[in-house]
2 protein chains.
Amino acid sequence: MIEKLVEKLKADKENWEKFRLFFCEKKIPAKTVLLKEGEIADTLFFIKKGCLRMWFNNDGKDITFQFFFEGQAVASIDSFIESQPTLFTIESIEPTVLFSLSRENFNFILNHYPEMKEGFNKILYTRFRNYAQLFLSRIKDNPRKRYEDLLKNHPEIIQRVPQHYIASYLGITPISLSRIRNKK
Amino acid sequence: MIEKLVEKLKADKENWEKFRLFFCEKKIPAKTVLLKEGEIADTLFFIKKGCLRMWFNNDGKDITFQFFFEGQAVASIDSFIESQPTLFTIESIEPTVLFSLSRENFNFILNHYPEMKEGFNKILYTRFRNYAQLFLSRIKDNPRKRYEDLLKNHPEIIQRVPQHYIASYLGITPISLSRIRNKK
DNA sequence: ATGCAACGATAACAATTGTTAAGAAATGCA
DNA sequence: TGCATTTCTTAACAATTGTTATCGTTGCAT
């Protein structure tokens, strides 16, 4: 995603120098909050190195429902698009390096390359389909099955992410996850 | 939705006579399958009277995950858009009267009124947001809370739909739903 | 009207998952 | 290195939910 975008921008020699300044590199330690519940997302992030999680507060406990890794674009989509306060917090899990792009600059680029709009819509569509998938898996599968699917389809998540975040993501307690992992 | 569409088409006196023939009224008894898992959705339905449910098979049990009532448009969106076999079955709960519109005619109308495309995209966007909401409620809330939310926000569903479908929709067994309803 | 299928309630028991608590292992940082 | 924090595991018990089965009611079709 970020690669394609930058490639495209670089090809446009005339404007590249200008666009380059739009992207701001940012280095953050683990457990840094990039966007806090209630704020309005005015920045799009691209992960160069590291990983993030998206979570929301539910009766004092935080519930993680999405992870992001290298190469992915990260934002509270709803909030970014509609300029509404986000329901979700975005936070680093590991020390992370990212590029940030402000909404203004994002819109500027989109207006400069209207053909990118379609690609952006596809990303949206994909993101929502992803929600639908997660939703169905919650309905269909019990925690053990969801863990096994995650292990099969995204072993990298289980490798890199602390277990209590994964437990939260699977909708169970860390204790229950521990049982599933060991009483196999 | 259907009202707006028909209103718009009627306003176009020149073509209304032609378009009118696109819509085919259909009367079906309860428990009639309109679209079966594995088929390709080539028809869009609008409900005049009655209600439907959308479900899929999971290890021999059917899981209901969406209800449709008067005035709503119904289709397996993914299948209808991408001409892929649907994962979901659409079935009437009550005796139902609906209008059907074939994909060809739907596309014909859309091409004739390109300004409708945006409205259609909004419907899509809304549908997906709805999935996201349902997804979050599955994560956040226990069955009792989900039942109470449904009772509060959609009492008409609880009134009209048999309990075992609602239990399925809530992700619990009919027995458990019965307990929740009575041990309040 | 009669019989059958669908629907809902309840009981008894099993399985799963949550809660609380304690301690071991790993990790990060001064 | 050593200390503090985070992370993970395990145990004992509680709560929730599922499973199986039975029974009464209702609605519909013949």
Side-chain angles (χ1 to χ4, degrees), chain A residues 27-33 50-53 55 58-64 67 91-96 137-151 155 157-184, chain B residues 27-33 50-53 55 58-64 67 91-96 137-151 155 157-184:
Chain A
K27 253 187 163 153
I28 56 174
K31 299 203 175 215
T32 305
V33 170
C51 71
L52 307 172
R53 71 187 179 107
W55 60 271
N58 189 46
D59 282 339
K61 289 173 193 167
D62 56 301
I63 299 183
T64 298
F67 298 109
E91 185 181 320
S92 60
I93 295 174
E94 305 172 357
T96 298
S137 121
R138 284 268 168 171
I139 294 183
K140 280 170 62 176
D141 308 327
N142 59 19
R144 162 162 274 121
K145 176 78 161 46
R146 287 206 296 280
Y147 174 74
E148 282 161 4
D149 282 357
L150 188 67
L151 188 58
I157 292 183
I158 291 174
Q159 297 263 323
R160 282 178 76 170
V161 174
Q163 272 189 44
H164 60 284
Y165 295 144
I166 294 175
S168 168
Y169 178 79
L170 294 172
I172 54 179
T173 59
I175 292 93
S176 190
L177 176 57
S178 190
R179 282 195 280 241
I180 288 172
R181 285 164 61 93
N182 294 311
K183 282 184 190 158
K184 186 75 203 260
Chain B
K27 253 189 164 151
I28 56 174
K31 298 205 176 212
T32 304
V33 170
C51 71
L52 307 171
R53 71 188 180 107
W55 59 271
N58 189 45
D59 282 340
K61 290 174 193 165
D62 57 301
I63 298 183
T64 298
F67 298 109
E91 186 182 320
S92 60
I93 295 174
E94 306 173 356
T96 298
S137 124
R138 284 268 167 170
I139 294 182
K140 281 169 61 177
D141 307 327
N142 60 19
R144 162 162 272 122
K145 177 76 161 49
R146 287 206 296 280
Y147 173 74
E148 282 162 4
D149 281 357
L150 188 66
L151 187 59
I157 292 183
I158 291 175
Q159 296 263 323
R160 281 178 76 170
V161 174
Q163 272 189 45
H164 60 284
Y165 295 144
I166 293 175
S168 169
Y169 178 79
L170 293 173
I172 55 178
T173 58
I175 293 93
S176 190
L177 176 56
S178 190
R179 282 195 282 241
I180 288 173
R181 285 166 61 93
N182 294 311
K183 281 183 191 157
K184 185 78 203 259

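Values reported hereafter were calculated over all heavy atoms of this structure, with side chains retained and with hydrogens, waters and symmetry mates removed. All chains are named by letter (A, B, ...) in the order of the sequence lines, taking the proteins before the strands, and each is independently numbered beginning at 1. Predicted, not measured: the structure shown is a model, and the values here were computed from it.
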Under 3.5 Å donor-acceptor pair, B:Arg181 side-chain atoms to C:dG8 base atoms: no
Write down the distance between [atom1] ([X]) and [atom2] ([N]), rounded to a whole number of angstrom.
{"X": "A:Asn182", "N": "D:dT7", "atom1": "CG", "atom2": "P", "value": "18 Å"}
{"X": "B:Ile180", "N": "D:dG18", "atom1": "CD1", "atom2": "C1'", "value": "12 Å"}
{"X": "A:Arg144", "N": "C:dA15", "atom1": "CZ", "atom2": "C1'", "value": "12 Å"}
{"X": "A:Arg146", "N": "C:dT17", "atom1": "CZ", "atom2": "C1'", "value": "12 Å"}
{"X": "B:Asp141", "N": "D:dT16", "atom1": "CG", "atom2": "C1'", "value": "16 Å"}
{"X": "A:Tyr147", "N": "D:dC8", "atom1": "OH", "atom2": "P", "value": "11 Å"}
{"X": "B:Asn142", "N": "D:dA14", "atom1": "CG", "atom2": "P", "value": "21 Å"}
{"X": "A:Glu94", "N": "C:dG28", "atom1": "CD", "atom2": "P", "value": "10 Å"}

Is there side-chain contact between [X] and [Y], with at least one heavy-atom pair below 4.5 Å?
{"X": "B:Ile180", "Y": "B:Ile172", "result": "yes"}
{"X": "B:Gln163", "Y": "B:Pro174", "result": "no"}
{"X": "B:Leu52", "Y": "B:Thr96", "result": "yes"}
{"X": "A:Val161", "Y": "A:Tyr169", "result": "no"}
{"X": "A:Lys145", "Y": "A:Asp149", "result": "yes"}

Any side-chain donor near an acceptor of the partner, B:Tyr147 and B:Arg181, under 3.5 Å: yes
Residue from B:Asn58, B:Ile63, B:Thr173, B:Leu177 passing side chain to side chain contact (heavy atoms under 4.5 Å, CB included) with B:Ser168: B:Ile63
Interface residues of residues 157-173 of chain A with DNA chain C (non-hydrogen, below 4.0 angstrom): A:Gly171, A:Ile172, A:Thr173
Residue met sooner reading DNA chain C from 5', once A:Ser176 and B:Leu177 are mapped to nucleotides: B:Leu177
Closest nucleotide among D:dT19, C:dA6, D:dT10 to the B:Lys31 side chain: C:dA6
Sugar-phosphate only, base, or nothing, as touched by B:Pro143 at under 4.0 Å among non-hydrogen atoms: sugar-phosphate
Touch class at under 4.0 angstrom, heavy-atom based, for B:Ile175 against every strand present: base
Pairing of A:Glu91 and A:Lys31 as salt bridge, 4.0 angstrom limit: no
Distance under 6.0 Å and angle within 45° of ring axis: A:Arg53 vs A:Phe67: no
Bend angle of the helix from C:dA1-D:dT30 to C:dA30-D:dT1, end axes from five pairs each (to 10°): 50°
